[in-house]
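Only one structure is covered here, and it is reproduced in the block below.
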Amino acid sequence: MLEKIIAFFMAIITFFANLFGITLPGTQPEPEPTQSYVWLDTAYGDHEQQNLDLYIPKDNDGTIGLALFIHGGAWVRGDKSYYSRDTLQYVSEDLGYAAAAINYRYVSADTSFNDLLDDVGASLQFIKEKGEEVGVNINKVLLTGISAGGHLSLMYAYSRADTAPITPAVVYCESAPTNLTETSYFTEPNDEGSPEFLTQLVSWGCEANITLDNIAEPESQAALLAASPISYVDENTVPTVIAQAINDKSVPYSNAVDLDEKLTEYGVRHDFVVFPNSGHLLQDDPDCLERSQGLAIQYAAEYMN
């Protein structure tokens with residue numbers, strides 16, 4: 001009886017909410033995708049982590065752009081499901097892009113940052129081929145991700161544009177490491193883990209013997225700089241949207257400032273959105289998040305159409 005009473009009152013509340021245009025918590029509808037060709041949990045390589053979700057809208061003029069989402073997780077955790085809603089937004093009728101979210105191998109003693117970038121390239125090659133199978137030319141890509149995914153998005157677009165199967169056109173990065181030589185990564189408290197843990201990660205990622213004792217030495221600094229997106233900025237760098245929180249306890253705010261200055265120095269089109277109240281996940285500045293994500297969509301419309 002109690003369940004029936006609760007259901008009755010919920011029906012009344014929902015009726016009046018709909019009547020007056022109020023959205024109840026937990027009832028926000030997911031974006032509706034267009035009629036699409038869909039590949040879910042599909043392998044693009046032989047490793048168990050090399051899989052993706054891909055949507056290609058059926059209603060297109062034969063050539064479309066792609067939004068590629070790369071999850072975060074300090075290069076050693078995370079999953080493509082983080083971007084389930086975002087892929088549907090980009091493939092929706094309002095935007096009409098192809099959209100994909102990928103998993104990739106984690107950094108380890110046998111897997112470097114370059115291997116992860118190879119995974120990004122392999123996923124793009126797979127996506128391009130799937131497009132060709134259904135008669136669609138996917139010719140440009142917006143690369144985007146948070147944290148480690150932002151780092152990989154920047155690194156791929158900045159350093160591998162010449163060999164990419166699909167041409168990088170835009171990058172939208174959230175809370176992304178851009179300069180691994182920044183000492184505060186390893187000398188101040190970090191939400192991602194201990195100094196020893198982070199040093200081990202970048203040592204594996206850079207394929208170098210980096211320790212807390214030698215991290216300031218020229219050889220270690222050179223290896224870290226080679227794995228930093230800021231090193232690859234020039235006048236040909238793709239347009240970029242940067243989203244960064246001042247209070248980020250994982251990635252120093254100064255990283256975003258440095259990238260902003262470097263892009264400005266080379267005259268690269270970019271926007272830098274500062275989140276004054278948020279932490280690493282940008283959770284406490286909804287107006288800033290709406291602005292930065294809106295800029296990414298605006299850039300996509302300008303550079304992928």
Side-chain angles (χ1 to χ4, degrees), residues 68-72 74-75 113-114 116-117 120 141-162 164 168-188 190-192 198 201-202 205-206 221-276 278-282 285 288-289 291-300 302-303:
L68 186 74
F69 294 89
I70 308 175
H71 69 77
W75 306 286
F113 292 143
N114 280 326
L116 273 57
L117 294 174
V120 175
V141 58
L142 158 70
L143 293 133
T144 182
I146 189 169
S147 193
H151 169 263
L152 295 174
S153 296
L154 289 166
M155 280 292 292
Y156 193 86
Y158 286 10
S159 69
R160 297 200 177 189
D162 292 343
V170 180
V171 179
Y172 169 45
C173 62
E174 297 179 337
S175 308
T178 67
N179 184 1
L180 294 177
T181 66
E182 171 62 62
T183 57
S184 61
Y185 274 118
F186 312 100
T187 59
E188 297 178 7
N190 192 304
D191 288 346
E192 298 295 342
L198 294 174
L201 280 186
V202 297
C206 296
Q221 287 289 293
L224 292 168
L225 197 58
S228 299
I230 198 169
S231 301
Y232 301 93
V233 174
D234 61 24
E235 61 276 4
N236 298 314
T237 295
V238 301
T240 302
V241 178
I242 308 165
Q244 180 65 43
I246 293 176
N247 301 315
D248 193 328
K249 300 303 182 185
S250 296
V251 175
Y253 174 69
S254 58
N255 262 216
V257 173
D258 290 346
L259 180 59
D260 173 48
E261 292 176 351
K262 194 71 173 289
L263 293 170
T264 300
E265 176 187 348
Y266 281 92
V268 177
R269 168 80 183 278
H270 70 286
D271 275 274
F272 179 19
V273 181
V274 178
F275 289 62
S278 296
H280 187 59
L281 298 181
L282 309 178
D285 294 285
C288 296
L289 188 61
R291 178 168 179 255
S292 64
Q293 291 179 343
L295 283 167
I297 292 171
Q298 177 186 322
Y299 274 42
E302 290 185 39
Y303 295 102

Could you tell me which residues satisfy salt bridge (Lys or Arg N to Asp or Glu O under 4.0 Å) with Glu188, sequence neighbours excluded, listed by chain and number? none

Looking only at side chains, do Ser254 and Glu182 share a donor and an acceptor under 3.5 Å apart? yes

Non-hydrogen atoms of [X] and [Y] that approach each other most closely:
X      : Y      : value
Val171 : Ala157 : CG2-CB, 3.2 Å
Ala169 : Pro239 : O-CD, 3.3 Å
Pro252 : Ser184 : CG-OG, 3.2 Å
Glu192 : Ala74  : OE1-CB, 3.6 Å
Val274 : Pro276 : O-CD, 3.3 Å
Phe113 : Ala227 : CD1-CB, 3.7 Å

[X] versus [Y]: any side-chain heavy-atom pair under 4.5 Å?
X      : Y      : result
Asn255 : Asp248 : no
Ser147 : Glu174 : no
His270 : Thr264 : yes
Tyr303 : Val238 : no
Arg160 : Leu117 : yes
Asn247 : Phe275 : no

Measuring from [X]:[atom1] to [Y]:[atom2], what's the distance to the nearest 0.5 Å?
X      : Y      : atom1 : atom2 : answer
Ile70  : Cys173 : CD1   : SG    : 11.5 Å
Leu154 : Ile242 : CG    : CD1   : 8.0 Å
His71  : Ile146 : NE2   : CD1   : 12.5 Å
Ser153 : Leu68  : OG    : CG    : 7.0 Å
Trp75  : Leu201 : CH2   : CG    : 7.0 Å
Gln221 : Leu180 : CD    : CG    : 10.0 Å

Please check this pair: side chain of [X] against backbone of [Y], looking for a donor-acceptor N/O pair closer than 3.5 Å.
X      : Y      : answer
Thr144 : Tyr172 : yes
Ser278 : Asp285 : yes
Tyr299 : Asp271 : yes

Sorted by first residue and then second, give each side-chain hydrogen bond (donor to acceptor under 3.5 Å, both in side chains) pair with at least one member in residues 223-240; sequence neighbours left out.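 Sorted pair list: Tyr158-Thr240.
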
Before giving the answer on side chain to side chain contact (heavy atoms under 4.5 Å, CB included), spell out for Val202 and Phe186 the whole-Å C-alpha distance, their side-chain angles and the decisive distance to 0.1 Å. CA-CA 10 Å; Val202 297; Phe186 312 100; 4.0 Å; yes

Which is it for Leu282 and Ser175 under the side chain to side chain contact (heavy atoms under 4.5 Å, CB included) test, yes or no, and what are the steps along the way? CA-CA 8 Å; Leu282 309 178; Ser175 308; 3.6 Å; yes

Asn179 and Leu259: CA distance, side-chain angles, deciding distance, side chain to side chain contact (heavy atoms under 4.5 Å, CB included) verdict: CA-CA 8 Å; Asn179 184 1; Leu259 180 59; over 6 Å; no

